[in-house]
Amino acid sequence: MNIKKLILECFNEKIIKEFNLIQENIATPPNASMGDYCMPCFSIVKELKKSPVEVAKILTTNFDYSQIVEKTEVVGGYLNFFLNKEIVTLNILAEVLASKENFGKSNVGENKTICLDFSSVNLAKYMHIGHLSTTVIGNCLRNIFNFLGYNTIAINYIGDYGTPFGKMITAYNLWGNEQELNAKGVDYIQDLYIKFCQEAEKDDSLNEQARINFAKIEKKDKEVYQLYEKFIKASIDEIQTIYKLLNISFDSWRGESYYSDKMDNIVKELEKKGLLVDSNGAKIVDLSEYNLGACLIRKSDGSSLYATRDLAACEDRYNNYHFYKSLYVTDVSQKLHFSQFFKVLDLLSRDYAKSLHHIYYGRFSLPNGKIASRQGKQAILKDILNYSINKTQEIVNKNDNLTKEEKNKISTSIGVGAVVFSAIKNEKIKDVVFDIDEALDFNGETSPYIQYTHARCCSIIKRAKSLGENFVYNMKFDEISNETSYELIKTLNKFPETIISASEKFEPCLISRLLIDISKAFNKYYSNNRVFENNEINQTRLAVVEATKHILKQGLSLLGIEALEKM
Ligand code: ARG
């Protein structure tokens, strides 16, 4: 039920126009005594030369009451709205029960295409803690856009290009052997790479060899290229195990190397349009007048750069998908890079330049000493996930009502969920210090808490079913006419608008927060409203449980977390 829209409809067109009223002007007051919704008039007054109180008074005298809005009240610069609880409650419930998990689903996206570049790991290295946020935020946004009827293209723009690969090949040729490579995969390549870095400190000629080997990869020299492909394959196999755990898949794996021989056109165009200038032998686009420094296009030795490949990749994506929007999810440290290459495309008069968005987030780290990082490198994602799964297992093992398989499944899903949720619990720009005990607290603001609440709903419904009833949900308002019910129902009803806001602000935490609010409201509701009375089922109250279950399930699924029926 779109209550904000229904409230707005109580004003006539003239008033709406005069005060520029939009749904976003309507908010939730801090407490229920101030009404169900309110309109703070501070932002409305802007150029009207009237005080917020005056505006609120004008609005209230021009308000046509409806079945839904029973009363308005002016308090300070606020116009507060009081709703008819019965109508609101029963309508929302009926709507959720009818749409089930599709409550909030829509076609606002009209099948327009959104490209999402996320995860985009550099290969032949471990996926480490720094890759968690991009992977999880990107996947969540993708789920949200799909739910809203967009056509999404998930792109893993793998880092499969550059001198590190020359170093690995050099190290392998010097110290490596095939048997170990086949047996240990990425672990082995990483060890070789680390050894290379240590040795190259002492012997600079190794770096020269690495450059030569990289040049051979570029020229697809048979022997070197085969080895390179082997490294890439081992590495992709490794990261696929993580994506599998996270239940994430991609539509495209076109990475940096794919564009290594497709940059000429765009570089030539830059040259032709007089945008390319010389800077100590390198070629740059001077963006200083936009406060964006210099975008490096070619190094003095002629080799290409990260930005050059991104320009080519962006053009390729537009040609392939004609995207409505194209998003890039990385940490905030790459902000300048994206601003630069977006600007270059704008200078090249690409209309699609304004459809590009860099979605950046803060640092995700571990408190010192919690999970040992290997060889002083950043903590490895696989280790963190396993650690969390094992910790969960210790808790779940205490439950004797579960089979071994159930225990495994539940531990994996809760353990992984806890890590995922930590990356999308707060505003994405905030830094996160991941605390496993906090993340696994079943009573905290965590995914186990939401999963537990969902499972609780499922078990209530199961019990009701076992009592052999066929539910018609003949709903009677007086059975749920208390504050805890009303609070829960109103919170459930925020689901659709929250998904829309999350999609507009690229902010998954809006959904995470709402699911926490719903879970809290549900647990309060359930302790105040008995569903079972001597094996008699109160159908109206059960309906509320079912509505909650649908929304928690869909919400978790949008976040990329499994909703368990039992735990
Ligand atoms: N591979 C890069 C890194 O790990 C991230 C790539 C982001 N996407 C892009 N189109 N530049 O830092």
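Both counts, for ligands and for their atoms, begin at 1 and track the order of listing. The residues of the chain are indexed from 1 along the displayed sequence.
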Would you say ligand 1 has an N or O under 3.5 Å from any N or O of [X]?
X	answer
Tyr328	no
Glu256	no
Tyr157	no
His131	no

Verify, without hydrogens or angle tests, whether [X] (side chain) and [Y] (backbone) share a donor-acceptor contact under 3.5 angstrom.
X	Y	result
Lys428	Phe506	yes
Asp316	Ala312	no
Asn102	Lys105	no

Between Thr113 and His322, does any side-chain donor sit less than 3.5 Å from a side-chain acceptor?
->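 No, because no side-chain N or O of Thr113 sits under 3.5 Å from a partner of the opposite role on His322.
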Using a distance-only test with no angle check, is there a side-chain donor-acceptor pair under 3.5 angstrom linking Ser119 and Asn156?
->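 Absent: no donor and acceptor within the cut-off.
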Identify, for atom 8 (N) of ligand 1, the protein heavy atom at the shortest distance, and state residue, atom and that distance.
->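 For atom 8 (N) of ligand 1, the nearest protein heavy atom is Asp117 OD1, 3.2 Å.
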Quick one: look up the protein heavy atom nearest atom 12 (O) of ligand 1 and list residue, atom name and how far away it is.
->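 Looking only at protein heavy atoms, the one closest to atom 12 (O) of ligand 1 is Gln334 NE2, 2.9 Å.
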Could you tell me if any non-hydrogen atom of Arg309 lies under 4.0 Å from any atom of ligand 1?
->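 Outside the 4.0 Å threshold, so no.
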Assess Gly159 for proximity to ligand 1: is some non-hydrogen atom of it under 4.0 Å away?
->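 Per 4.0 Å heavy-atom rule, Gly159 does not contact ligand 1.
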Side chain or backbone of Asp310 under 4.0 Å from ligand 1, or both, or neither, by non-hydrogen atoms?
->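 For Asp310, only side-chain atoms sit under 4.0 Å from ligand 1.
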Heavy-atom nearest neighbour of atom 7 (C) of ligand 1 within options Tyr306, Phe341, Tyr259 =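 Among Tyr306, Phe341, Tyr259, the closest heavy atom to atom 7 (C) of ligand 1 belongs to Tyr306.
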Indicate, with yes or no, if the rings of Tyr328 and Tyr360 have centres closer together than 6.0 Å.
->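 No, too far apart.
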Which ligand 1 atoms, with their elements, are less than 4.0 angstrom from a heavy-atom of Thr330?
->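 Answer, ordered by atom number: 7 (C).
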Could you tell me which atoms of ligand 1, counted from 1 in the order shown, lie closer than 4.0 angstrom to a heavy atom of Asn122?
->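 By the 4.0 Å cutoff, the relevant atoms are 1 (N), 2 (C), 3 (C), 4 (O).
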Search all heavy atoms of Gly255 against all heavy atoms of Asp160 and return the closest pair with its distance.
->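 Result for this residue pair: C-OD1, 3.7 Å.
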Before giving the answer on salt bridge (Lys or Arg N to Asp or Glu O under 4.0 Å), spell out for Lys230 and Glu178 the whole-Å C-alpha distance, their side-chain angles and the decisive distance to 0.1 Å.
-> CA-CA 10 Å; Lys230 210 168 170 173; Glu178 195 169 351; 3.1 Å; yes
